[in-house]
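Read the structure below first, then the notes.
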Amino acid sequence: MSYDARFKVWRGDADGGDLQDFTVEVNEGEVVLDIIHRLQATQAPDLAVRWNCKAGKCGSCSAEVNGRPRLLCMTRMSTFEESQTITVTPLRTFPVQRDLVTDVSFNYQKAREVQAFSPPEDLQPGDYRMQQVDVQRSQEFRKCIECFLCQDVCHVVRDHEDNKQAFAGPRFLMRVAELDMHPLDTADRRPAAREQHGLGYCNITKCCTEVCPEHIKITDNALIPLKERVVDRHYDPVVWLGNKIRRR
Ligand code: SF4
Ligand code: F3S
Ligand code: FES
């Protein structure tokens with residue numbers, strides 16, 4: 001069954017833009033990305049949108065639908081009333097390049113700032129057997145498709161552009177947590193989590209977890225444990241004394 005839906009799609013570039021109205025055909029089983037493609041095919045051939053897999057796995061088609069960060073390819077049209085006007089806008093936290101395409105290089109910059117996995121130098125293949133619990137913990141975090149919806153929604157940078165310098169965002173704090181909890185990682189990542197990656201800016205609003213299309217429990221399984229580990233180290237009297245003696 002087909003019907004005509006009303007869409008508002010943001011069109012513009014770094015210098016500004018506006019919402020444009022469209023009436024467009026919707027067919028059973030379609031997702032928002034299908035509708036954007038139909039607009040390109042019929043009414044707006046130069047409409048810019050980034051996508052790749054159309055299967056919720058490449059993380060390219062991130063945008064905002066009715067103000068909520070979403071993957072366009074995983075947002076079913078059947079979740080909306082036929083009479084509803086659907087508004088599609090680019091990710092708000094990152095600079096617009098054109099139409100629905102944003103420049104997400106902030107995230108690659110933050111990725112580069114995380115120290116790489118640092119196993120013991122003399123470790124040979126087969127020397128260490130990972131426990132299943134450690135494998136499972138990493139596996140949850142490794143489901144990340146780098147869609148950056150969590151980075152987009154977190155109010156620390158969404159509402160405060162000037163925090164971008166000091167805050168890595170949930171995706172990369174989760175990476176720090178993953179490495180810090182890895183049994184073979186020799187780096188002490190806790191000082192950097194506080195000072196370089198801005199862990200203290202996160203006040204556990206959990207919006208990141210709510211929008212994650214991979215249903216990773218970013219806050220409960222990564223950010224809160226990392227905060228606990230940082231606090232333990234910071235306020236542990238033995239560590240504190242050790243730091244003091246070393247500084248002399
Ligand atoms: Fe996307 Fe989830 Fe990865 Fe964040 S943690 S980038 S929301 S998949
Ligand atoms: Fe932001 Fe997630 Fe923390 S939304 S404030 S990083 S819990
Ligand atoms: Fe790949 Fe949507 S097109 S996640």
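We're numbering straight along the sequence, starting at 1. The shown structure was predicted, so the numbers you read here are calculated from the model rather than taken from an experiment.
- Take W10 and apply the ring-ring contact (aromatic ring centres under 6.0 Å, His included) test, not counting sequence neighbours, and it matches no residue.
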Criterion salt bridge (charged side-chain N to carboxylate O under 4.0 Å, His left out) on E178 and R137, from CA distance to verdict: CA-CA 8 Å; E178 178 194 342; R137 187 187 314 110; over 6 Å; no
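- Follow the hydrophobic side-chain contacts under 4.5 Å out from L100 and you never reach F106; the two are in separate clusters.
- For the 3.5 Å distance criterion, the side chains of T209 and T219 qualify, holding a donor opposite an acceptor.
- In this structure, the separation between CG on L72 and NZ on K54 is 11.0 Å, given to the nearest 0.5 Å.
- When the side chains of ILVMFWY residues are joined at heavy-atom separations under 4.5 Å, either directly or via intervening members, L33 and Y3 end up in a single hydrophobic cluster.
- Between K57 and E214 there is a salt bridge, with a side-chain nitrogen of the basic residue lying less than 4.0 Å from a carboxylate oxygen of the acidic one.
- The shortest side-chain heavy-atom distance between P225 and M181 falls under the 4.5 Å cut-off.
- Counting only distance, with no hydrogens or angles, the side chain of N221 and the backbone of I218 share no donor-acceptor pair below 3.5 Å.
- Between the S2 side chain and the N27 main chain, no donor and acceptor come within less than 3.5 Å of each other.
- The existence of a salt bridge linking K217 and E140 is excluded, since no basic side-chain nitrogen approaches an acidic carboxylate oxygen closer than 4.0 Å.
- Scored by the side chain to side chain contact (heavy atoms under 4.5 Å, CB included) test, R92 finds E64, D152, R158, D159 as partners (sequence neighbours excluded).
- The one candidate from L39, L19, I35, D21 that meets the side-chain contact (heavy atoms from CB on, under 4.5 Å) condition with V9 is L39.
- Between the side chain of K110 and the backbone N or O of K164 there is at least one donor-acceptor pair closer than 3.5 Å.
- Cluster membership for L71 and V49, using ILVMFWY side-chain heavy atoms within less than 4.5 angstrom, is not shared.
- Summarising the geometry, atom SG belonging to C73 is positioned 9.5 Å from atom NE2 belonging to H37; distances are rounded to the nearest 0.5 Å.
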Check against side chain to side chain contact (heavy atoms under 4.5 Å, CB included), V65 and F80: CA-CA 11 Å; V65 180; F80 306 105; 3.7 Å; yes
Side chain to side chain contact (heavy atoms under 4.5 Å, CB included) between F148 and N107, worked out: CA-CA 8 Å; F148 306 133; N107 300 288; 3.5 Å; yes
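- Taking 4.5 Å as the limit, every side-chain heavy atom of I145 sits out of range of all side-chain heavy atoms of C58.
- In plain terms, the two heavy atoms of A193 and L173 that are nearest each other are O-CD2, 4.5 Å.
- In plain terms, the two heavy atoms of P170 and C154 that are nearest each other are CD-CB, 4.1 Å.
- With hydrophobic clusters built from ILVMFWY side chains whose heavy atoms lie under 4.5 angstrom apart, V211 shares a cluster with M74.
- Panel note: side chain R194, backbone G200; no donor-acceptor pair is recorded below 3.5 Å.
- Side-chain contact check for R50 versus Q97: some heavy-atom pair is nearer than 4.5 Å.
- Here the side chain of S62 pairs a donor or acceptor atom with the backbone of C147 at under 3.5 angstrom.
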Evaluation steps, ring-ring contact (aromatic ring centres under 6.0 Å, His included), between F172 and F167: CA-CA 9 Å; F172 299 104; F167 186 61; over 10 Å; no
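- Although no hydrogens or angles enter the test, the distance criterion places a donor-acceptor pair under 3.5 Å between the side chain of D127 and the main chain of Q124.
- Smallest separation of non-hydrogen atoms from V96 and P90: CG2-CG, 3.8 Å.
- A salt bridge is absent between D13 and R98: the closest approach of a Lys/Arg side-chain nitrogen to an acidic carboxylate oxygen does not fall below 4.0 angstrom.
- The shortest heavy-atom contact between H197 and E113 is CE1-O, 3.4 Å.
- Taking both residues in full, the closest heavy atoms of T186 and P120 are given as CG2-N, 3.8 Å, listed atom of the first, atom of the second, then distance.
- Side chains of K8 and V88 form no contact here, defined as non-hydrogen atoms less than 4.5 Å apart.
- Rounded to the nearest 0.5 angstrom, R171 CZ and C212 SG are separated by 10.0 Å.
- The hydrophobic cluster containing I224 also includes I204, under a criterion of side-chain heavy atoms closer than 4.5 Å among ILVMFWY residues, counted directly or through chains of members.
- Under a 4.0 Å N-O distance rule, the pair E30/R76 does not qualify as a salt bridge.
- To the nearest 0.5 Å, atom CD of residue Q109 and atom CD of residue Q165 are 8.5 Å apart.
- Put simply, the side chain of L199 does not reach to within 4.5 Å of the side chain of R190, judged on heavy atoms.
- Annotation: side chain of F94 is in contact with side chain of Q151 (closest heavy-atom distance under 4.5 Å).
- The distance from the CD atom of Q115 to the CG atom of D188 is 9.5 Å, given to the nearest 0.5 Å.
- Looking at every heavy atom in both residues, P213 comes nearest to L149 through CD-CD1, 4.1 Å.
- A donor-acceptor contact shorter than 3.5 Å is absent between the side chain of Q131 and the backbone of P183.
- Following chains of ILVMFWY side-chain contacts shorter than 4.5 Å, one can reach M130 starting from F141, so the two form part of one hydrophobic cluster.
- Using a distance-only test at 3.5 Å, with no hydrogens or angles considered, no donor-acceptor pair links the side chain of T93 to the main chain of L91.
- Put simply, the side chain of D103 never gets that close to the backbone of P95: no donor and acceptor are under 3.5 Å apart.
- In this structure, the side chain of R6 engages the main chain of S83 through a donor-acceptor pair within 3.5 Å.
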Test log, rule side chain to side chain contact (heavy atoms under 4.5 Å, CB included), inputs R189 and L179: CA-CA 8 Å; R189 296 170 184 278; L179 292 169; 3.3 Å; yes
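- Residues satisfying the side chain to side chain contact (heavy atoms under 4.5 Å, CB included) test with D4, not counting sequence neighbours, are T23, E25.
- Counting only residues at least two apart or on different chains, the ring-ring contact (aromatic ring centres under 6.0 Å, His included) pairs with a member in residues 112-135 are F117-H182.
- Salt-bridge formation is detected for the pair D180/R229: a Lys NZ or Arg NE/NH1/NH2 atom is positioned less than 4.0 Å from an Asp or Glu carboxylate oxygen.
- In this structure, CZ in F7 is found 10.0 Å from CZ in R38, a value given to the nearest 0.5 Å.
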Trace of the side chain to side chain contact (heavy atoms under 4.5 Å, CB included) decision for Q43 with V24: CA-CA 9 Å; Q43 304 180 45; V24 55; 4.1 Å; yes
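- For D220, the salt bridge (Lys or Arg N to Asp or Glu O under 4.0 Å) partners two or more places apart in sequence, or in a different chain, are K206.
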